[in-house]
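Structure first, then comments.
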There are 2 protein chains.
Amino acid sequence: MKSGTITIKDISKALGLSVSTVSKALRGSHEISAETQSLVKEYAGRINYKPNPIAQGLRKGKSKSIAVIVPNIDNNFFSQVINGIESIAHKKDYNVIITQTHESYEREVLTTQHHFSRSVDGLIVSISAESENVDHFEEVQNKGLPVVFFDRVPDKIKTHKVIANNLQGAFEATQHLIQQGHRHIAHITSSDFLSITAERLEGYIRALEVNGLPVEDQYIKYCAHGGMIKEETYDALHELLALKNKPDAILTASDRLSTTTLSILTQLKMNVPGEIALVGFTNTISADIFNPPFSAVVQPAFEIGKTATELLVQLIESKRPISNFEKRVLNTELIIRKSS
Amino acid sequence: MKSGTITIKDISKALGLSVSTVSKALRGSHEISAETQSLVKEYAGRINYKPNPIAQGLRKGKSKSIAVIVPNIDNNFFSQVINGIESIAHKKDYNVIITQTHESYEREVLTTQHHFSRSVDGLIVSISAESENVDHFEEVQNKGLPVVFFDRVPDKIKTHKVIANNLQGAFEATQHLIQQGHRHIAHITSSDFLSITAERLEGYIRALEVNGLPVEDQYIKYCAHGGMIKEETYDALHELLALKNKPDAILTASDRLSTTTLSILTQLKMNVPGEIALVGFTNTISADIFNPPFSAVVQPAFEIGKTATELLVQLIESKRPISNFEKRVLNTELIIRKSS
DNA sequence: AAAATCTTCGAAAACGTTGTCGTAAAACTA
DNA sequence: TAGTTTTACGACAACGTTTTCGAAGATTTT
C-alpha cells in the first residue's frame with residue numbers, strides 16, 4: 001500500500017522546504033511567496049502528488065464524501081435515487097459510497113456505525129424494512145453527523161426528509177382501479193411500521209372511502225421483509241386468492257412487491273387484468289415490456305435523490321446548527337398500461 | 001462530528017491509565033494484566049467505545065474494507081455479483097463500498113484514485129465500456145493495492161480474474177437459435193475492446209461456422225456505451241432492420257442491451273419471436289414476466305462475486321507477494337423461454 | 001543476597017495532513 | 001538610524017491509533 005505513495009514529505013525533501021511550507025503552498029496560502037508556490041505546485045503536479053484524504057479527514061474532521069444507505073440496489077427506484085444523489089454530489093465535489101442493508105436491521109446498524117467512524121460527512125438513508133428502531137441514526141446524528149432521509153423516513157427523528165407523495169399516488173392508483181370497475185381491491189404492502197406503508201395505505205383507504213367502498217382488513221397484506229423473501233409475497237397472494245370474495249384487483253406498494261406479484265400471477269396462469277388487475281408502485285424501466293405492460297405509480301426517484309443531496313450538503317456546509325427542518329413531498333405519476 | 005466521539009484518550013483519562021496501555025488492553029495484548037484488561041474492556045463496553053477505523057487505517061495501512069467498482073448498479077447482473085461479494089466479505093469482516101462509473105472512463109479513474117487514497121484494502125472491478133485504457137488500475141496495483149477483475153477484464157493486467165464462460169454461453173445461445181431454424185442471426189454487443197465482447201463474439205461466430213453459416217459483418221453491431229444510451233441501441237437495431245436481408249434472430253450481449261432491444265422491438269410492434277427471435281445475456285429476475293418471456297444466457301453472478309472476493313481476500317492477506325494469478329471461468333446457463 | 005528474568009505498564013514516535021505560532025530577514029516608518 | 005511592520009518560511013502540536021522501547025517493580029534463579 002505504501003510503497004509508491006507520494007506524500008508532502010517527499011516533496012519537502014526534494015525541494016528542501018518544510019512540510020508546512022509545502023502544505024500551505026499547495027493550498028495557495030498567502031503566507032507563501034508566488035515563486036515558492038508555483039515551484040511546489042509544478043513539482044507536485046509533475047510527480048503526480050495526490051493528497052491523502054484520510055489524513056486530511058483525520059485532521060479536519062471532513063472527508064468530502066457522503067454515504068448512501070439503502071435496502072437494496074437491485075431495484076430501479078433506489079438506483080435512480082442514487083443516480084440523482086450522484087448527479088448533485090459529484091457536482092459539489094463529494095464522493096458517494098453506497099451500502100445496502102438487505103432490509104436487515106443488524107446490517108443497518110453496522111453500516112451506520114462504520115460510516116460514522118470512517119467519518120463520512122453525511123448520510124442519506126432509506127430505512128430497512130426490519131428497522132422498527134432507529135436509535136442508531138439518532139445516535140450518530142447527536143454526535144454531529146448530518147442525516148437526511150428519503151422514501152422510508154422515521155417520524156421520530158428531526159431532520160430533513162424527502163418523500164414522494166405516497167398518499168396521492170396510492171389514491172390515484174386505487175381511484176383508477178375503481179373507475180375500471182373493480183370493487184374488491186386488495187393491497188399488498190411492506191412492514192406496517194414503515195412510513196411509506198402508512199402513507200400508501202392511507203391513500204388506498206381514502207380512495208375506497210371516497211367511492212363508498214368498504215375497507216376490509218382481509219384485503220390488506222403486509223410483507224415484513226418488503227418482498228425480499230419471495231415466499232412472503234407468495235403467501236400473501238395465496239391468502240388473497242383463497243378468500244371467498246377473491247379480490248379483482250391489487251395495488252402493490254413497492255418495486256419488488258410489484259414484480260414478484262406479477263411473476264406469481266403469471267406462474268399461476270392467471271389472466272391479468274381479466275381475472276385480476278394490477279397496479280403497483282414501481283420505477284422499473286422494463287414496465288413496458290412486462291406481460292402485460294405494467295401500470296405503475298412512478299416516483300420521481302432522480303429528483304428525490306437530487307433534493308435529498310441538496311438538503312444534506314446544506315446541513316454539512318452550514319456554519320451554525322440548523323433546527324428548522326423541512327419535509328419535501330414530490331408528486332408521483334400514474335402511468336396506465338395494460339395490467340389494469 | 002467530534003462532539004460525542006469517544007476515544008482511547010477518554011478511557012485513559014477516566015481510568016488513570018496511559019493511552020498505550022488502554023490500546024493494548026483493548027487488543028488483548030499479553031503485556032497487560034488480566035485485571036487491567038477486563039477493567040478497560042468493561043469500561044470501554046459500558047461507554048460504547050468504538051475504535052476509529054480511519055485512524056487505525058492511517059496507522060496500519062489497513063482498513064478492513066474493499067471497494068467495488070462497476071459500470072452500473074441498476075442491472076441485475078451487477079447487483080447479484082455485489083450480493084455475492086458481500087456474502088463473503090461480511091463473513092470475513094470486510095466492509096463493502098460500492099461505486100458506479102456509469103460507463104465513464106473519467107469517473108472510473110477518479111473513483112479508483114479515491115479508493116486508493118482512502119486506503120481500502122482491495123478493489124473488485126468490472127471495467128467501464130469507455131475504458132480502453134486501464135493504466136489507472138495498473139498504477140494503484142503497482143503501489144500495492146490488490147485488484148481483482150470480473151466480467152469485463154483487461155488482458156494487459158496481471159492479477160486474478162473471474163469471468164463467465166462467455167464463449168460457451170454465446171455459442172449455446174446461437175446454436176439454439178440455429179436449431180430453431182434461424183439462419184440470419186444478428187449480434188448486438190458492447191464496445192469492441194471489452195473482453196466480454198470478444199469472447200461472446202467468438203462464441204457467436206463459432207456456432208455459425210460449425211453450422212456452415214456465413215459470418216456477416218453487417219449483422220454485428222457494437223454499442224460503445226454498452227446500451228447506457230438508448231439511441232445507440234436504437235440505431236443499431238434500426239440499421240439491422242433496414243438491411244435487405246433482415247435478420248430473423250438477434251443475440252444481445254448484455255443485460256441492458258437485452259431489455260432495451262426487446263423494448264424497442266415492442267415499440268415497433270414487431271412479433272417476437274415470430275418476426276424476429278431474441279436471446280440475450282441477462283440476469284434480470286423479471287425475464288419470466290417479460291412479453292414474451294425472455295430466453296436468457298444467465299451468468300452465475302452470485303458465484304462470480306463470491307469467487308472474486310475469495311481471491312481478493314487471499315491477495316490482501318497473503319504474507320508474500322503472489323505472482324501466479326488465475327483466471328476462473330464459470331459456466332453460464334441457457335434458459336429458453338418464449339422469445340426464441 | 002545479588003543477579004537475572006518476568007510482568008506490567010508508560011513515554012514517545014509514527015501514519016499524512018493542517019493550522020498556530022514564532023522568527024529571521026526584508027521592507028517600511030519616523 | 002532606530003524602531004516598527006510585513007513577508008516568507010519553519011517548528012511543533014494535533015487528529016486517534018498502534019507499536020517499539022525503556023523502565024520500575026515483582027519474581028525467580030544462582
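Just so we're on the same page: letters track the sequence lines, and every chain starts at 1.
Side-chain N or O atoms of A:E130 include one that pairs as donor or acceptor with a backbone N or O of A:Y105 at under 3.5 Å. Put simply, the side chain of A:S29 gets close to the backbone of A:E31: a donor and an acceptor are under 3.5 Å apart.
DNA chain D is contacted by B:Y49, B:K50, B:P51, B:N52 of residues 44-54 of chain B, taking any non-hydrogen atom closer than 4.0 Å. Of the residues in residues 8-18 of chain B, those lying under 4.0 Å from DNA chain C by heavy-atom distance are B:G16, B:L17, B:S18.
Donor-acceptor pairing under 3.5 Å is recorded for the side chains of A:E108 and A:H136. Checking B:K50 against B:N52 by side-chain atom types alone, no donor-acceptor pair falls below 3.5 Å. A donor atom on one side chain and an acceptor atom on the other are found under 3.5 Å apart for A:T99 and A:T111. Between the side chains of A:S23 and A:S20, not a single donor N or O lies within less than 3.5 Å of an accepting N or O.
One atom, CG of A:L39, and another, P of D:dA8, lie 15 Å apart when rounded to the nearest Å. Counting to the nearest Å, the P atom of D:dC9 and the CG atom of A:L26 are 14 Å from each other. Atoms NE2 (B:H30) and P (C:dC9) sit 13 Å apart, rounded to a whole Å.
Among the candidates B:P53, B:S63, B:S65, the single residue satisfying the side chain to side chain contact (heavy atoms under 4.5 Å, CB included) test with B:N95 is B:S65.
Residue B:R27 has a polar side-chain atom (N or O) positioned under 4.0 Å from OP1 or OP2 of D:dT19. Proximity of A:S33 to the phosphate of D:dT7: no side-chain N or O atom is located under 4.0 Å from OP1 or OP2.
For B:Q56, the listed nucleotide lying nearest its side chain is D:dT17; candidates were C:dG19, C:dG16, D:dT17.
Looking at every heavy atom in both residues, A:M228 comes nearest to A:N72 through SD-OD1, 3.3 Å.
Between B:L312 and B:H160 the shortest side-chain heavy-atom distance does not fall below 4.5 Å. For the pair B:T101 and B:V70, the minimum side-chain heavy-atom distance is 4.5 Å or more.
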Provide a list of protein-nucleic acid N or O atom pairs under 3.5 angstrom, restricted to nucleotides 20-28 of chain D.
residue, atom, partner, partner atom, Å
D:dT20, O4, B:K24, NZ, 3.3

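Annotation: cation-pi geometry not satisfied between A:K161 and A:F149 (NZ/CZ under 6.0 angstrom from ring centroid, within 45° of ring axis).
Comparing B:V19 and A:Q37 by the nucleotide of DNA chain D that holds the closest heavy atom to each, the one mapping nearer the 5' end is A:Q37.
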